[in-house]
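For reference, positions follow the sequence shown, starting with 1. On a predicted model such as this, the values are computed, not experimentally measured, just so you know.
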Amino acid sequence: IGGQLLVRHSLIRYSARDSIRYDLQQQIVFLFGAARVVYGDIELTADRIEYRFKQEEARAFGAPDSTGAVGGKPVFIESGHRIEADSIRYNFRSKKGLIKEVRTSEQESYVQARVSKRHANGEVHSKGGTFTTCDRPHPHYYFRASRMMVIPDDKIVSGAAVMKIGPVPTPLVLPFGFFPNKKNGSAGILF
């Protein structure tokens, strides 16, 4: 099941496996089951998506299965860059978003954060997160930061950060950090 709409000279395509419900008065479309919204080079997929035509805004989230485990969590792809999260709220007009429990890779680094705001210039400002070069879901080592800012193809800047090996904190505490985030660069700390 799917549809498309022309908004500001751009075609918005949307589809869902299970069902689509329209609220014509509020101008909202509800997509259920393997939902997908494509707008230019941006693709958003999730188990459930609400698209608000007036605001040009999508809200995506997963849905619990019969065991209570949440599946079909949102995946946001823009120009080949992939972001996974528990919930995503993204405005296609302003190119800003609010992301909860984000998981993404930045060049050779892996970043997780509780709450992140994506700005129109592509920068992501996060509160309470971790970053590492270990590619495992539960990394062997990582830096836990109070705040961080990811500048695409440049660097990751963090507030106070403590290095942890597994769940154990080390004595290495940084008042702030700069970590490289460039293509074909080397991973590590910039002193």
Side-chain angles (χ1 to χ4, degrees), residues 34-51 57-63 69-167 174 176-190:
R36 181 174 179 240
V37 174
V38 178
Y39 184 89
D41 68 339
I42 297 172
E43 179 181 358
L44 178 62
T45 58
D47 193 66
R48 306 239 170 117
I49 297 177
E50 296 176 12
Y51 185 79
E57 180 178 280
R59 297 176 184 188
F61 45 93
V70 177
K73 292 183 180 180
V75 176
F76 180 89
I77 301 171
E78 181 178 22
S79 304
H81 182 71
R82 180 183 175 99
I83 294 175
E84 297 175 13
D86 284 357
S87 70
I88 295 176
R89 183 175 172 184
Y90 184 77
N91 188 293
F92 291 96
R93 185 184 318 144
S94 68
K95 299 193 182 299
K96 294 181 181 179
L98 180 66
I99 309 163
K100 294 186 178 174
E101 298 300 331
V102 65
R103 295 165 299 281
T104 187
S105 63
E106 293 291 330
Q107 308 312 327
E108 295 177 6
S109 300
Y110 297 89
V111 178
Q112 295 181 355
R114 285 194 320 261
V115 178
S116 299
K117 287 185 180 179
R118 183 188 188 280
H119 297 275
N121 62 1
E123 288 182 6
V124 178
H125 296 221
S126 302
K127 220 176 183 182
T130 64
F131 46 94
T132 183
T133 55
C134 181
D135 62 352
R136 297 190 177 249
H138 299 287
H140 296 104
Y141 58 91
Y142 57 91
F143 284 91
R144 169 140 333 258
S146 57
R147 299 170 188 243
M148 66 182 137
M149 178 173 60
V150 176
I151 303 169
D153 298 325
D154 191 11
K155 63 184 154 268
I156 299 171
V157 181
S158 77
V162 61
M163 184 177 184
K164 292 189 172 189
I165 298 176
L174 304 172
F176 60 91
F178 292 96
F179 301 88
N181 186 26
K182 292 187 180 198
K183 289 182 181 176
N184 302 325
S186 59
I189 302 171
L190 290 178

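Atom CD1 of I165 is separated from atom CE of M163 by 5.0 Å, given to the nearest 0.5 angstrom. Separating the OG atom in S116 from the CG atom in L98 is a distance of 8.5 Å, to the nearest 0.5 Å. Taken to the nearest 0.5 Å, the CE atom of M149 stands 14.5 Å off from the NZ atom of K117. E84 CD to S105 OG: the interatomic distance, rounded to the nearest 0.5 Å, is 9.0 Å. Remark: S158 OG to F143 CZ distance equals 8.0 Å, nearest 0.5 Å. Between the OG1 atom of T45 and the CZ atom of F76 there is a distance of 11.0 Å, given to the nearest 0.5 Å.
Panel note: side chain T104, backbone V111; no donor-acceptor pair is recorded below 3.5 Å.
No more than 12 heavy-atom neighbours from other residues, nucleotides or ligands sit within 6.0 angstrom of CZ on R147. Other residues, nucleotides and ligands contribute more than 12 heavy atoms inside 6.0 Å of the NZ atom of K164.
With contacts defined as side-chain heavy-atom distances shorter than 4.5 Å, the pair T130/T132 does not qualify.
Residues that satisfy the ring pair (Phe, Tyr, Trp, His ring centres under 6.0 Å) test with F176, not counting sequence neighbours, are F178. Looking at residues two or more places apart in sequence or on another chain, you find a side chain to side chain contact (heavy atoms under 4.5 Å, CB included) between A60 and L44, A46, I49, P74. Legend: residues meeting side-chain hydrogen bond (donor to acceptor under 3.5 Å, both in side chains) with K73, ordered by chain and number and at least two apart, are D86. By the side-chain hydrogen bond (donor to acceptor under 3.5 Å, both in side chains) test, E57 is found to be paired with R59, R89, residues two or more places apart in sequence or in another chain being considered. Taking the ring pair (Phe, Tyr, Trp, His ring centres under 6.0 Å) definition, one finds that F61 meets it with nothing, sequence neighbours left out. K95 pairs by the side chain to side chain contact (heavy atoms under 4.5 Å, CB included) definition with Y90, R118, A120, not counting sequence neighbours. The side-chain hydrogen bond (donor to acceptor under 3.5 Å, both in side chains) check on R114 picks up nothing, with sequence neighbours excluded. By the side-chain hydrogen bond (donor to acceptor under 3.5 Å, both in side chains) test, E101 pairs with no residue at all, sequence neighbours left out. In this structure N121 satisfies the side chain to side chain contact (heavy atoms under 4.5 Å, CB included) test together with H119, E123, sequence neighbours excluded. By the side chain to side chain contact (heavy atoms under 4.5 Å, CB included) test, H138 pairs with no residue at all, sequence neighbours left out.
The shortest non-hydrogen separation linking Q112 to M148 is O-CE, 3.5 Å. Smallest separation of non-hydrogen atoms from C134 and Y110: O-CD1, 3.4 Å. Across A58 and Y51, no two heavy atoms sit closer than the pair CB-CD1, 4.0 Å.
Contacts classified as salt bridge (charged side-chain N to carboxylate O under 4.0 Å, His left out) and involving residues 41-50 (residues at least two apart or in different chains) are given here: R36-E43, E50-R52.
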